[in-house]
Structures are given as C-alpha cells and as structure tokens.
Amino acid sequence: MGEITRRQLVAAGSGGALGLALGGGGGYAFGHREGERSEQAAQEDVVPFHGAHQAGIVTPAQDRLVFGAFDLTAETAGELRELLRAWTVAAVAMTAGRTVGEIPGLPEAPPIDTGEAVGLPASQLTITFGLGASVFERDGEDRFGLAARRPALLTPLGALPGEQLEPQISNGDLCVQACANDPQVAFHAVRNLARLGRGAAALRWAQLGFGRTSSTTSDQVTLRNLQGFKDGTNNLHGDDAQQMGEFVWVSSEEPQSWFRGGSYMVSRRIRMFIEAWDRDALSDQERTIGRFKVSGAPLTGHHEHDIVNLQARTADGEPVIPAKAHIRLAAPSSNGGQRILRRGYSFTDGIDPVTGELDAGLFFICFQRDPHHQFAAIQRRLGSSDGLDEYIQHRSSALFAIPPGVRPGGYVAQGLFSTA
Ligand code: HEM
C-alpha cells in the first residue's frame with residue numbers, strides 16, 4: 001500500500017473506524033468512507049494527467065502557480081529518460097491527490113513525500129513539463145546525443161526590445177509549471193519533483209504566482225492584473241479546438257514526429273512599475289491599455305466583450321483607441337493575424353532593494369505553435385511602441401518545447417527516446 005489519497009489520510013488521522021493499517025510500524029488507519037457528495041467533489045478536484053496534450057495548457061486556469069526551471073546534472077540520455085519517467089509517476093500521483101511515496105515511510109529514512117500537502121485535496125493540480133533548447137545543444141555541444149531530435153522551432157528568440165534580462169532567472173534545461181487552486185499543493189508538487197530529481201536535475205530558478213491573469217476557457221470570468229485591469233478578455237479559448245489547432249498545437253507537419261501535438265511555451269517575468277502606474281490619471285491608464293478600467297470594455301464600446309473597433313475616430317479625427325494602446329498593437333490585425341494563448345499570473349516578491357519599490361508584476365506565460373512568428377513577433381511590436389512600456393520591463397525570458405500528452409503507462413517525452 002503506497003499511495004493513498006491525501007483526504008483519506010486526514011480522515012484516518014481524525015480517528016478512523018475501518019482500521020486499515022498502512023505499512024511499517026504504527027501506520028495511519030483509514031477513516032470513514034467519504035460520503036457520496038464529497039466523493040464527487042474530490043473527483044471534480046482532479047484534472048486528468050493523461051491525454052493527447054499535457055494538462056495545464058487549455059485546461060481552465062487555476063488560481064495559483066509555482067514554476068520551476070531546472071538545470072540538468074544528468075550526463076546521459078538514459079539518465080534524462082529515467083528522470084522524466086520518475087517525474088511522470090510522481091505527477092500522476094500528485095495530480096490525483098495522492099502522496100508520492102509511502103506514508104509515513106520508514107522511521108530510519110527521510111520521508112519520500114515531504115508531507116505538506118497531506119490532507120489537502122488535489123486542488124485541480126496540473127503539472128506541465130517542458131524541455132529547453134539546451135537539452136539539444138549547449139555551447140555547440142550535443143550533450144545527450146539528442147540534437148537530431150530537436151523540435152524545429154526550439155531556437156533562441158533573440159534579443160527583443162523592452163527587455164533587460166537577468167540570466168540567472170532566465171532559460172533552463174527543463175521546466176515544471178505547477179498550477180493549482182491551493183498554493184501549498186502547487187509548491188508541494190515542484191518541491192517533490194526537485195527532491196526526486198536530485199542527482200539528475202537542480203532547480204535553477206523558481207517563481208510563485210497568484211491571481212491568474214487570463215481566462216483560458218469561454219466560461220471563466222476575466223480577473224484583473226496588478227494594474228487593476230481585466231486581463232484575458234480577448235484571449236484564445238482553450239475549449240475551442242479549431243483555434244487551438246490553428247494557433248497552439250504543433251501540427252503533423254512538424255518534422256520531429258515525437259513532438260507533434262506538443263506546443264511551445266514562452267515565459268517572461270515582467271516587472272511592473274506599480275508606483276508610477278498608481279500616479280497616472282485614470283483616463284491615461286485607459287488610453288494606455290485601450291479599454292475602460294472598471295468594465296473592461298474597449299474604448300469604442302460599453303461592455304467587456306464588445307468588439308474592438310480599431311478604425312473608430314473622434315470628432316477631431318484621432319483614433320479612439322490610441323496608436324500606442326496595448327490592445328491595438330497586440331491585436332491580431334496588427335500582427336498578421338497571429339494570436340497566442342496567454343496563461344500568466346501576477347507575482348510579488350517583496351521590495352526591490354535598490355529602489356525601495358514593490359518588486360511585482362506579471363509572470364507572463366503563453367503557448368503557441370510557433371514562438372518566433374507568434375510571441376516574438378508580437379513582442380517586437382509591443383516592445384518598441386507600446387504605451388505600456390513606460391510602466392513595465394521584461395526581466396526574465398524562457399522558451400520551452402512542451403511535449404505532447406502522456407498515455408497511461410507512458411512518460412513525458414517518451415517519443416524523444418524511442419529508437420523507431
Ligand atoms: C505587464 C505586461 C502586460 C500587461 C499589464 C498586459 C495587459 C493586458 C490587458 C489589460 C489586455 C486587455 C484585455 C485582454 O484582452 O486580455 C491585454 C491584451 C492583450 N495582450 Fe497584454 N499585457 C501585458 C503583456 C503582454 C505581452 C508581453 C504580450 C505578448 C507579447 C501581450 C499580448 C496581449 C494580447 C495578444 C492581447 C489581446 C489583444 C486583442 O486582441 O484585443 N500582452 N493585455
């Protein structure tokens with residue numbers, strides 16, 4: 001008896017009746033069977049790990065994020081494969097609300113599961129894994145003998161305007177995006193993967209996020225970012241299969257057959273100069289974004305989801321949505337029809353020791369099938385002309401290939417290692 005649900009464990013701890021003991025001396029006993037209602041609630045709390053695509057992309061955005069980027073210390077493709085295999089087994093357990101190892105475990109050894117999520121439900125935890133370009137080539141070296149299997153577009157984004165990147169919080173060989181409705185569940189996931197991976201991978205940087213800044217399905221309400229604006233109104237909808245096929249999933253034309261059905265993730269830690277923003281007049285804030293603050297309606301409309309009219313002019317002949325407005329420059333019509341699936345989170349990491357201002361902003365994450373013609377092309381326009389640039393700065397950047405989903409019994413990026 002290894003994995004039990006964390007809820008069962010708590011029920012047991014609270015004086016259970018069934019008395020099913022778990023291995024080792026003095027184990028917990030299971031408690032009452034959960035009632036039908038809570039059983040159903042527990043099911044709704046679980047986002048399936050297995051599927052054609054990894055969860056955490058088009059599945060509804062949860063409230064919290066813990067993101068970890070890892071450097072590989074593994075030296076062979078076999079060691080990398082074993083790491084991904086072990087991580088998959090752990091991810092299957094944790095996303096189902098189970099522990100990653102026996103509880104309580106052996107008294108003489110460190111517990112395999114670190115324990116802080118015991119008693120917490122699955123909380124819609126999703127764990128999404130990605131591979132950086134440095135897995136396939138680092139300093140001109142094919143370190144794992146996998147260079148010939150590199151996804152076609154997993155190449156550096158190059159310098160983009162509006163950024164001042166900090167290398168120590170950028171890039172990485174692997175990434176783990178853990179999203180959940182409970183921050184402790186998301187933290188537990190990354191912490192336990194880091195622990196299991198010790199010897200093969202080491203955490204390079206991590207970022208906590210709260211308050212999703214994008215709705216990713218049509219039935220989610222739009223929340224607000226730290227500038228107080230609704231963020232995600234004109235996002236792609238993860239439940240629109242046609243849009244996802246067109247903009248998010250890597251198609252059957254991808255030369256690397258193992259990567260078909262995957263996606264590319266770009267992450268950007270974007271610092272907001274909140275104090276400057278807070279001194280700006282409401283009307284200027286609204287012209288900077290191109291939308292009304294409270295309703296989220298475009299400046300050409302009345303309701304949040306009114307169509308944005310970029311052609312509308314004032315009586316003086318000026319565009320109603322200014323030339324430098326964020327939504328004009330980010331709009332598909334300004335970017336050759338390109339769109340991205342945004343799935344970011346707000347963050348705050350205390351005070352900037354240099355300026356004494358809040359170190360807060362948007363941990364921007366987006367998914368697409370072509371990071372160069374989608375994210376980078378849009379950012380090239382935004383970074384050079386967006387009125388928002390006065391209030392933000394991109395400080396970290398990473399690009400990851402997100403392998404397709406995992407079938408039951410399989411493991412993440414399995415096709416990368418197949419010899420067929
Ligand atoms: C801190 C930085 C940013 C802030 C505060 C911000 C905020 C917003 C807000 C409030 C909206 C309007 C509501 C909506 O449709 O979602 C919006 C729209 C959008 N943003 Fe951003 N954004 C930021 C960075 C970015 C970046 C880096 C990109 C991509 C390179 C981007 C791409 C978009 C797109 C594509 C839209 C929808 C435009 C449309 O079709 O109407 N944003 N953003």
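Just follow the structure's listing: the first ligand is 1, and inside any ligand the first atom is 1. Below, all heavy atoms of this structure are taken into account, side chains as well, without hydrogens, waters or symmetry copies.
Between Asp173 and Arg143 there is a salt bridge, since a side-chain N of the basic residue sits under 4.0 Å from a carboxylate O of the acidic one. At a threshold of 4.0 Å, the pair Arg268-Glu163 counts as salt-bridged, since one of the basic side-chain nitrogens sits closer than that to a carboxylate oxygen. We find that Arg381 and Asp386 are not joined by a salt bridge, their nearest charged nitrogen and carboxylate oxygen being 4.0 Å or further apart. Classification of Arg191 and Glu116 as a salt-bridged pair holds, one side-chain N sitting under 4.0 Å from a carboxylate O.
Taking a heavy-atom cut-off of under 4.0 Å, ligand 1 is surrounded by Asn225, Gln227, Phe229, Lys230, Asp231, Gly232, Thr233, Asn234, Ile270, Met272, Ile289, Arg291, His326, Ile327, Ala330, Ala331, Pro332, Ile340, Arg342, Leu362, Phe364, Phe375, Ile378, Gln379, Leu382, Leu388, Ile392, His394.
One side chain, Thr114 or Asn192, offers a donor N or O that lies under 3.5 Å from an acceptor on the other.
One finds the CG atom of Leu223 at 9.5 Å from the CG atom of Asp231 (value rounded to the nearest 0.5 Å).
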